[in-house]
Amino acid sequence: MNQLIQQIPKDKFGPEYTIRVYDPVIGMEGFLVIDNTKLGPGKGGIRMTPNVTAEEVFRLARTMTWKNALAEIPFGGAKGGIVWHGGSNDLKKKFIQGFARALKPLMPKKYIAGPDVNTGEKEMQWFVEETGNWRTATGKPANYCTAAFGKGREKCGIPHEFGSTGFGVVQATKVATEFTGLDLKKATVAIEGFGNVGSFAFKYLKELGANIVAVADSKTAIYNERGLDEKELIKIKAEGKNFHAYKNGAKLTHDQIFGLPVDILIPAAITDVINDSNKNSIQAKIIVEGANIPMSEKIESELTRKGILIIPDFVANAGGVISSYAEYRGYNPKRMFTVVEQKIKKVTKNILKNSAKLGISPREAAMQIAMQRVEEAR
């Protein structure tokens with residue numbers, strides 16, 4: 001394990017802390033990387049997957065550094081990961097609270113937790129119940145409240161289940177289509193992933209008139225050029241089935257979604273889903289990265305050179321952390337959505353403008369802005 005941590009690169013930005021947590025009684029192993037706290041406490045969610053590593057958590061923490069800097073919110077970058085092979089709710093609660101106990105001395109001055117893959121509002125409530133501090137995590141249930149500011153006013157959770165990340169992805173998509181001259185109401189969209197990000201991206205794109213012709217879960221993609229039925233998709237997921245149960249669409253393998261003839265592709269699930277095995281099949285004109293690190297920077301550069309416009313993850317999916325900031329400040333959900341829309345649109349417009357002006361990729365344009373803000377804070 002020490003060797004794995006030593007392999008994480010170090011530079012002038014961080015990481016400031018790389019921590020391994022282990023509880024031998026329940027077999028819980030986890031990682032926390034606090035990358036940079038120059039703009040504020042490290043902010044980033046906790047993911048629970050069977051193969052999460054310290055290196056993956058570092059990559060995600062560094063992304064959070066840039067994401068928070070771009071969004072102009074007073075947080076630094078961090079990320080947590082717990083090795084989770086599945087189990088009962090009781091065991092999951094023990095894992096979450098064991099992780100929280102171990103990190104308690106760092107919170108909330110150095111780290112503030114939040115939801116990520118396989119964690120949500122319930123897990124964030126377990127987390128703060130263990131730390132005894134309401135401010136150690138965001139994304140808590142909406143009915144989980146505390147008196148704020150000593151004035152009798154209640155400050156309540158804003159769970160990511162409200163759809164802030166997917167909502168932000170759609171705002172970035174809208175700006176990207178306007179920039180390229182594509183009419184969103186005539187655009188075809190494929191969404192890889194139908195969890196908290198993908199399902200809300202579907203909902204809000206549908207409301208704007210886009211035609212979502214393909215979605216994929218972890219096993220199956222479905223495709224219908226006339227569009228997909230949101231209610232049926234939600235019903236299938238609520239029943240615990242995969243998309244093979246969808247009636248009115250062609251059944252494809254998960255990976256085939258990347259090669260479909262669509263205008264917009266939104267990877268909205270896990271890391272590195274676009275890779276050497278499928279990169280050459282992509283036909284989309286625009287890729288909006290709803291997931292964190294859905295492809296390596298190398299592959300992203302290759303696709304950019306082919307003329308595909310890519311809105312990078314730390315721009316497109318910043319709605320979740322902006323929502324976290326809104327919760328931290330005690331905003332209500334309505335104000336949260338307003339702040340998400342304003343910030344995502346502003347950042348996306350700025351990076352596309354600079355990208356065109358300087359002849360660089362949107363990621364490079366975004367990195368220039370983010371790095372400058374962190375440098376100035378140093």
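Salt bridge annotation for Asp313-Arg363: present, with a cationic side-chain nitrogen under 4.0 angstrom from a carboxylate oxygen.
When the shell of 6.0 Å around CD of Glu375 is examined, it contains more than 12 heavy atoms from other residues, nucleotides or ligands. The local environment of NZ in Lys174 is sparse, with at most 12 non-hydrogen atoms from other residues, nucleotides or ligands closer than 6.0 Å. Shown here is Leu91, whose CG atom has more than 12 heavy atoms of other residues, nucleotides or ligands within 6.0 Å. The 12-atom threshold is exceeded at NZ of Lys38, counting heavy atoms of other residues, nucleotides or ligands nearer than 6.0 Å.
The side chain to side chain contact (heavy atoms under 4.5 Å, CB included) test with Lys79 is passed by exactly one of Thr63, Asn292, Leu32, Ile46: Asn292. Shown are Asn350, Val175, Val340; of these, the side chain to side chain contact (heavy atoms under 4.5 Å, CB included) with Lys345 is made only by Val175. Just one residue in the list Ile293, Asp35, Val57 forms a side chain to side chain contact (heavy atoms under 4.5 Å, CB included) with Arg62, and that residue is Asp35.
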- [ ] Go through the steps for Lys155 and Glu327 under the test salt bridge (charged side-chain N to carboxylate O under 4.0 Å, His left out), then give the verdict.
- [x] CA-CA 8 Å; Lys155 179 178 177 182; Glu327 178 180 340; over 6 Å; no
Open item on the list: salt bridge (charged side-chain N to carboxylate O under 4.0 Å, His left out), that's the test. Do Glu230 and Lys203 meet it? Break it down for me.
Closed with: CA-CA 7 Å; Glu230 182 184 7; Lys203 168 184 166 65; 5.6 Å; no
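Rounded to the nearest 0.5 Å, atoms CD1 (Ile222) and CZ (Phe194) are 8.5 Å apart.
Between the side chains of Lys219 and Thr253, not a single donor N or O lies within less than 3.5 Å of an accepting N or O. A donor-acceptor contact closer than 3.5 angstrom links the side chains of Glu16 and Thr37. With no hydrogens or angles considered, no side-chain donor-acceptor pair links Glu121 and Gln125 at under 3.5 Å. Between the side chains of Lys206 and Asn211, no donor-acceptor pair is found at a separation under 3.5 Å. Asp229 and Asn248 are not linked by any side-chain donor-acceptor pair at a separation below 3.5 angstrom, with hydrogens and angles left out of the test. Judged purely by distance below 3.5 Å, without hydrogens or angles, the side chains of Thr65 and Asn36 never pair a donor atom with an acceptor atom. Under 3.5 Å, the side chains of Lys92 and Asn118 contain no donor-acceptor pair of N or O atoms. For the residue pair His160/Ser324, the side-chain donor-acceptor check at 3.5 Å is satisfied. A donor-acceptor pair shorter than 3.5 Å can be found between the side chains of Asn275 and Ser277. Asn317 and Lys67 share a side-chain donor-acceptor pair at under 3.5 Å.
By the 4.5 Å heavy-atom criterion applied to side chains, Val33 and Tyr111 are not counted as neighbours. You'll find the side chain of Leu303 reaches within 4.5 Å of the side chain of Met295, heavy atoms only. Taking 4.5 Å as the limit, every side-chain heavy atom of Ser164 sits out of range of all side-chain heavy atoms of Ile322.
Across Pro74 and Tyr325, no two heavy atoms sit closer than the pair CD-CE1, 3.4 Å. Closest non-hydrogen pair, Ala137 versus Met124, comes out as CB-SD, 4.0 Å. Considering all non-hydrogen atoms of both residues, Gly42 and Ile34 come closest at CA-CG2, 4.4 Å.
Both tests pass for Lys237 against the ring of Phe243: distance under 6.0 Å to the centre and angle within 45° of the axis. Stacking of Arg329 on the aromatic ring of Tyr331 is not recorded, the 6.0 Å distance cut-off and the 45° axial limit not both being met.
Between Phe258 and His254, the ring planes are perpendicular. Angles over 60° get that label, and only those under 30° would be called parallel.
Between the side chain of Thr348 and the main chain of Ala172, no donor-acceptor pair closer than 3.5 Å is present.
For residues 301-312, every residue pair satisfying the side-chain hydrogen bond (donor to acceptor under 3.5 Å, both in side chains) rule, not counting sequence neighbours, is listed here: Lys279-Glu302, Asn280-Lys306, Lys298-Glu302.
Remark: Phe13 engages Trp66 in a ring-ring contact (aromatic ring centres under 6.0 Å, His included) (not counting sequence neighbours).
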